Amino acid sequence: MGWARYPCPVSLVAVTNLTKRYGGAITALDALTVEIEPGIVGLVGSNGAGKSTLLKILLGLIEPTSGSATVFDLDVATHGIAIRELVGYMPEHDCLPPDVSATDVVSHLARISGLPRTAARERTAEVLRHVGLYEERYRSIGGYSTGMRQRVKLAQALVHDPRLLLLDEPTNGLDPAGRDEMLELIRRTGTEFGIAVIVASHLLGEIERVCDHLVAIEGGKLLRSAPLGSFTERTGTLAVEVEDGRDALAERLTAAGLQTMIDGSAVLIDLRDERPYDLVRDIVAELGLPLVRIEQRRHRLEDLFRDGPEPATEIAAPPTAGPR
Amino acid sequence: MSQTVGPTRVGSIYDLGYRRYEGARLGRAAAIGALAADSFRTTYGIGHGGRAKVAPIVLGVLAILPAVIVVGVLTIAARIGAREPFESAVPLGYDTYYRTISVLIALFCAAQAPELFARDQRHGVLALYFARALRRSDYALARLAGFGIALLVLLLVPMVILLIGRVLLSTDVAGAFADDLPTLPAVVAQALVIAGVFGGLAMAVSAFTPRRAYATAGIIALFVLPGIIAQIVIGLGSGGIGTWLVLLSPTLILDGTGAFLFGKELPGQLFFFDLPTWTFLASAVVVTAVAVGLVVRRFARIAV
C-alpha cells in the first residue's frame, strides 16, 4: 500500500459541526461531523446532498456558515494557502479554456502552484502521460472529447504532486469505457502513487469499485462513514437459482436455520460463514432440483446506508446490483 | 499492490511509474509573477492561436504607425535640409501623441481586457486558480499588473521610436538627447496615467461579466458616455455637476493630465470647464484606485 508517506497517523480531514447555508434558504451542509483517514474515500450522496460544498470548504473556496474543518490538521479558516499547496482539486464542471493546448494549460497551472518553469514542463509531460494523453496534448482543448477533458482536469490536479486529491464527480459525462478508465486512473492514483483521494460521486456502483472507505451524506447530514471492506464481509449474500422448486428449497433452508429471501427464481441466503454452501449442496441434491447457478452477491450498497441513522432511499445504485 | 507488475504492463516501456516531485516550490510570489506574465502574453494573444493575435497586433501597429510616419517625414525633411519647419508643422510630439491615438488605446483595452477576466469566468478557470496556493487578491492583482504592463509597452514603444528618431536625426546626438531628456518623466507619467485609468476601468468592467461582448460594449460605453453626459449637462447650464463628470471621462482625464504634465493649457473643449489641471491627475489616481479596488473586491466575493 502507498501510505508510507504517513509515518505517523495523520488526520486527513476532520469536519466538526460544519454548516453551510446559501442565502439563508438553502442548507447545503447541516452540522456535519466526520473524520476521514488516508486512503481512497468515496463521498457519496445524491445530487444536492452537499458533496461539492464540502470539497469547496475543505479547499477554502467557500466559507462555512458555522463549524470547523481541518485538512492535514490545518484549519481551513486560517491555513487555506498551506492546505491548497498540498491538495489537488478536480472540479465537477468544465474548467478548461478551449483555445489552448493541454500542455499549455497544465504547465501554466503547475507554475501557478509554484513549480519552476523547467520542472513545470517536465511534470506536465509526466502527468499527461499518466492520464493517457499523448500526441493530442499539443492540440487545442476545444477539440477534445469529454473523456480527454476529464483527463486534463485530473492531470492539472496531479501536476504539483499533491498529498490529497479532491475529485468532484470525475466520471461525469463519460461513456462506460471512459468511466472504467477514469476509475482505474483514480485507483492507481490512490494505490500506486500513494496519494490520498476523496472522490465525490452520486453513483455508488462506480465508487465501490475503487474506494476503501465510504462517507455517505444526504441533505447535508452524515448518513454513515464506514470502511467498504468491513461492510462487504458482514453482509455477503449467496444466490441459489433453480429452474423450479424454489419455494421448497427456501423452506428447507429456513428450517435449517438460515435467513432466506426469494428474489425471482433465486433464493437468497444470508452468508455469515461457510455453513450454507454445504447445506445448499445437500438440500439441492436431496430434493433433486434443477440447479442453474450458485453465486455470491453483495448487498446493494444502498443497504449500507439503510443500516445507518436514517434511510437513504434517494441514493442511486447500479441497476444490476443485488437483492433488496 | 501487486497489480503493478502484471503482464499488462510489459508493453508500456515508456511508463516509468508515478514519480514524486521533490524539487523546489517557489511559493506565492512566483505564482503571482507567472500569472502576470501569462496575462501579458494573453493580452497580445501569444500562445493563443492566430485569431487571438489579430486585434492586439492590428491595434498595436496602428498605435505605433504615427510615430514611424513622423520619424519618416522628419528623415526626409532632414535630407532636404528643412527639418525645422517640418518639425513645427507636424502635429505629433511627446505631449500630443496619446491624444491622437486615444481611440486606439480605448479599442485595445475594450478588445483585450475581456480576454483575461471575462475569459477566466466564462470557462470556469477561476476554480483552478483559487484551488491553488495563492489568494484571490493575488489573482486579481497579478492579472491587473500583467495587463497594465502590456498597456505600458503599447504606450511607450511609439515614444521610444519618436525619441530615437529625433535624436539620431540631429547633427548633435548627445545634445538632442539632452534636450529631450527633461520631457521623458512627463511622458512616462502620462503613460502610467493612461494605463491606470484606461486599463483599470477596462479590467473593472470585464471583471463583472463572463461574456466578452458585454464587457467590450460596457468598456466602450464607460469610455465615451461620461464625456458626452458632461457636455450635455454643461449645455443645459448646470455647470457644477457637469464639471465633475469631466473628471470621470477617461479621454478627458488623458487630455487634462497631459496639460498638467507638459505644462500646457487645457486643450479644446476642456478649456471651458475651468478646472485647475492638477485635478485631472488627482482624478486619474482616484479612478485607478477605485477600479483596482472594485476588481479585488469582485474576485474576493465571486462564487466558484
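Excluded from the calculations below are hydrogen atoms, water molecules and symmetry mates; all remaining heavy atoms, backbone and side chain alike, are included. Throughout, protein chains are lettered first and strands after them, A, B, ... in sequence-line order, and every chain is numbered starting at 1. Computed from a predicted model, the values in this text were never measured in an experiment.
- The neighbour count for B:Arg212 CZ, taken as heavy atoms of other residues, nucleotides or ligands under 6.0 Å away, is above 12.
- The pair B:Arg119-A:Asp99 counts as a salt bridge, with a side-chain nitrogen and a carboxylate oxygen less than 4.0 angstrom apart.
- Contacts of B:Arg51 with chain A are absent, with no heavy-atom separation under 4.5 Å from either backbone or side chain.
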Evaluate side chain to side chain contact (heavy atoms under 4.5 Å, CB included) for A:Leu96 paired with B:Val125, printing each intermediate quantity in order. CA-CA 6 Å; A:Leu96 301 169; B:Val125 193; over 6 Å; no
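- Of the residues considered (A:Ser101, A:Pro98, A:Gly60), A:Pro98 shows the highest number of contacts with chain B, using heavy-atom pairs under 4.5 Å.
- For the set A:Glu85, A:Arg111, A:Gln156, the entry with the most heavy-atom pairs within less than 4.5 Å of chain B is A:Gln156.
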Walk me through whether B:Arg25 and A:Asp161 qualify under side chain to side chain contact (heavy atoms under 4.5 Å, CB included). CA-CA 11 Å; B:Arg25 289 176 196 262; A:Asp161 189 22; 3.9 Å; yes
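- Only the side chain of A:Arg123 has a heavy atom closer than 4.5 Å to any heavy atom of chain B.
- Panel note: side chain A:Arg84, backbone B:Ala133; no donor-acceptor pair is recorded below 3.5 Å.
- In summary, the aromatic rings of A:His160 and B:Tyr21 are positioned with their centroids too far apart to meet the 6.0 Å limit.
- Residue A:His93: no heavy atom, backbone or side chain, is found under 4.5 Å from chain B.
- Between B:Phe130 and A:Leu59, every side-chain heavy-atom pair lies at or beyond the 4.5 Å cut-off.
- For the atom pair B:Asp38 CG and A:Asp104 CG, the distance stands at 9.5 Å (nearest 0.5 Å).
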Should B:Leu128 and A:His108 be marked as a side chain to side chain contact (heavy atoms under 4.5 Å, CB included) after you check the CA-CA gap, both sets of side-chain angles, and the distance that decides it? CA-CA 11 Å; B:Leu128 301 185; A:His108 168 58; over 6 Å; no
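- Judged purely by atom type and a 3.5 angstrom limit, B:Arg20 uses its side chain to pair as donor or acceptor with the backbone of A:Phe193.
- More than 12 heavy atoms of other residues, nucleotides or ligands lie within 6.0 Å of CD in A:Glu184, so this atom counts as buried by the packing criterion.
- Atom CZ of A:Arg21 sits in a sparse spot, with 12 or fewer heavy atoms from other residues, nucleotides or ligands closer than 6.0 Å.
- Looking at every heavy atom in both residues, A:Tyr89 comes nearest to B:Ala131 through CD2-CB, 3.6 Å.
- Only the side chain of A:Lys56 comes within less than 4.5 Å of a heavy atom of chain B; its backbone N, CA, C and O stay farther away.
- Across A:Leu61, A:Leu109, A:Asp94, A:Val100, the residue that shares the most heavy-atom pairs under 4.5 angstrom with chain B is A:Leu109.
- Enclosure of atom OH in B:Tyr214 is not indicated, since only 12 or fewer non-hydrogen atoms of other residues, nucleotides or ligands lie within 6.0 angstrom.
- Proximity to chain B is limited to the side chain of A:Pro91, based on heavy atoms less than 4.5 angstrom apart.
- In the displayed structure, B:Arg135 atom CZ is contacted under 6.0 Å by at most 12 heavy atoms of other residues, nucleotides or ligands.
- Ranked by heavy-atom pairs under 4.5 Å with chain B, the list A:Pro97, A:Gly88, A:Gly80 is led by A:Pro97.
- A salt bridge is defined here as a Lys NZ or Arg NE, NH1 or NH2 lying under 4.0 Å from an Asp or Glu carboxylate O, and A:Glu126 with B:Arg19 meets this definition.
- Residue contact with chain B, scored on non-hydrogen atoms closer than 4.5 Å, is absent for A:Val105.
- Taking OG of A:Ser113 as the start and OH of B:Tyr129 as the end, the distance is 11.0 Å to the nearest 0.5 Å.
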